[in-house]
Amino acid sequence: DFLRFPFCTKRSKMKFTAAILAGLALTASAQEDPCKDKHKTESACDKDTTTGGGCTWCKCAALPSACWTKENAAKLPSGVYQCDSTDLLEVPEIEILENQICDGTNYKCNATSGNITVHEVLFSSSDGTWHENATATLNMTGQLVGDIDINAGTTHFKIWEGGVEHFRYNGALDYFHCGPAPAGCDKTKPLSLFIDDPNNTTSTVHVEVSFPLPSKLASGIFTIDFYGEDEYHEPYDFTVNLAYHYDH
């Protein structure tokens, strides 16, 4: 759940503030911020020293920049948003495990390897842009670690939108064709996990899942959590977390 707010810069380690974890909806959307509602330009924002205790303009390379109260700006992840004010409140940070950066031209991405080592992640849409009802496709290449022989499993995904309390869309696709019972799963008949050599526990693989993108209800800033779960359930075979925003 570490990417339910927009990432704007590349870092070798992702840092989160305690306030971010407690106020996830705020970090995904500035809609309830009085400074954001009042100011649409950087100059007007930075001149306001009274609204909400003072305003500051915060830049984000991948997503629209916005005006925040200094109190809310202090809760944004340090090094992700770049804010003009230098007198923000200090917020304690906690650090999580290093993840692989897999950013694309119009999305942010982090991946974590498990029983499958992640090599490359590509996220695309049917027409090259993000919008309602576009068909999005995740393509991930990697290699089996070899610690276990994966004979069954499922690729799961869940889509969130900043400013919306509940997830917008979720789905799952089995790794392979399975059954009917008592028959097991057939690794030579892939659905979402394609193993180049099904008899080799260190084979190269790729994962592919397609799904429609939901409509915009609030911010239009979306994140997607993907993970692969085999018959042993934990640890996950891989996780991929994506962030993107609608173009219109």
With a 4.5 Å heavy-atom cut-off, do Phe167 and Ile159 have their side chains touching?
no

Could you measure the distance from the NZ atom of Lys47 to the OG1 atom of Thr41? Nearest 0.5 Å is fine.
8.0 Å

Should the ring pair Phe226 and Phe123 be called parallel, tilted or perpendicular, given that the plane angle runs from 0 to 90° and is split at 30 and 60?
perpendicular

Could you tell me if Asn110 and Asn241 have a donor-acceptor pair between their side chains, going purely by distance under 3.5 Å?
no

Do Ser125 side-chain atoms and Ala136 backbone N/O form a donor-acceptor pair below 3.5 Å?
no

Lys40 side chain to Lys36 backbone, donor-acceptor under 3.5 Å
yes

Paired with Asp149, the side-chain contact (heavy atoms from CB on, under 4.5 Å) test is passed by just one of Thr201, Asp230, Asn115, namely Thr201

Could you tell me whether Asp103 and Lys108 make a salt bridge, using a distance below 4.0 angstrom between a side-chain N and a carboxylate O?
yes

Can you tell me how far CG of Asp84 sits from OG1 of Thr56, rounded to the nearest 0.5 angstrom?
5.0 Å

Could you tell me whether the side chain of Glu229 and the main chain of Thr155 form a donor-acceptor pair under 3.5 Å?
no

Taking the side chain from Glu231 and the backbone from Ala152, do they hold a donor-acceptor pair closer than 3.5 Å?
yes

Mind checking whether Val118 and Thr112 have side chains closer than 4.5 Å, heavy atoms only?
no

Between Phe211 and Phe157, is the ring centre distance below 6.0 Å?
yes

Under 4.5 Å between any side-chain heavy atoms of Ile116 and Leu144, yes or no?
yes

With a 3.5 Å distance limit and no angle check, can you tell me whether Asp174 reaches the backbone of His177 through a side-chain donor-acceptor pair?
no

Within the distance-only criterion (no hydrogens, no angle test), does the side chain of Asp33 pair as donor or acceptor with the backbone N or O of Thr69 below 3.5 angstrom?
yes

For the residue pair Ser65 / Lys59, report whether a side-chain donor-acceptor contact shorter than 3.5 Å exists.
no

Compare the SG-SG distance of Cys45 and Cys55 against 2.5 Å and report whether it is shorter.
no

So, do Cys185 and Asn151 sit near enough that their side-chain heavy atoms are less than 4.5 Å apart?
no

Cys58 and Cys67 SG atoms less than 2.5 angstrom apart
no

Separation between NE2 of His131 and NE2 of His245, rounded to the nearest 0.5 Å:
14.0 Å

Do Tyr232 and Ile195 share a hydrophobic cluster, counting only Ile, Leu, Val, Met, Phe, Trp and Tyr and linking them when any side-chain heavy atoms are less than 4.5 Å apart?
yes

Side chains of Thr50 and Asp48: donor-acceptor distance under 3.5 Å anywhere?
yes

Hydrophobic cluster membership, with links at side-chain heavy-atom distances under 4.5 Å among I/L/V/M/F/W/Y: are Val145 and Leu193 in one?
no

Does Phe238 belong to the same Ile/Leu/Val/Met/Phe/Trp/Tyr cluster as Leu122, with side-chain heavy atoms less than 4.5 Å apart forming each link?
yes

For Asp237 and Tyr175, does a side-chain donor sit closer than 3.5 Å to a side-chain acceptor?
yes

Could you tell me whether a side-chain N or O of Glu161 sits under 3.5 Å from a main-chain N or O of Leu217, the two making a donor and an acceptor?
yes

Asp46 side chain to Trp57 backbone, donor-acceptor under 3.5 Å
yes

Using side-chain heavy atoms (C-beta onward) and a distance below 4.5 Å, is Trp130 in contact with Asn106?
yes

Do Phe222 and Tyr246 make the cut of ring centroids closer than 6.0 angstrom?
yes

Rounded to the nearest 0.5 Å, how far apart are CG of Asp196 and OG of Ser203?
4.5 Å

Side-chain ion pair, Lys187 and Asp197, N-O less than 4.0 Å
no

State the NZ-CD1 distance between Lys216 and Ile221, to the nearest 0.5 angstrom.
9.0 Å

Ring-plane angle category for His156 and Tyr227, please: parallel below 30°, perpendicular beyond 60°, tilted otherwise.
parallel

Indicate whether any N or O donor in one side chain lies under 3.5 Å from an N or O acceptor in the other, for Asn139 and His206.
no

Could you walk me through whether Ile224 and Trp160 pass the side-chain contact (heavy atoms from CB on, under 4.5 Å) test, one step at a time?
CA-CA 6 Å; Ile224 311 180; Trp160 304 80; over 6 Å; no

Distance check, rounded to the nearest 0.5 Å: Ser126 atom OG versus Leu213 atom CG?
8.0 Å

Less than 4.5 Å apart, any side-chain heavy atom of Ile150 and any of Ile148?
yes

Are any non-hydrogen side-chain atoms of Val240 and Met140 less than 4.5 angstrom apart?
yes

Short question: side chain of Glu208, backbone of Leu138 - any donor-acceptor pair under 3.5 Å?
no

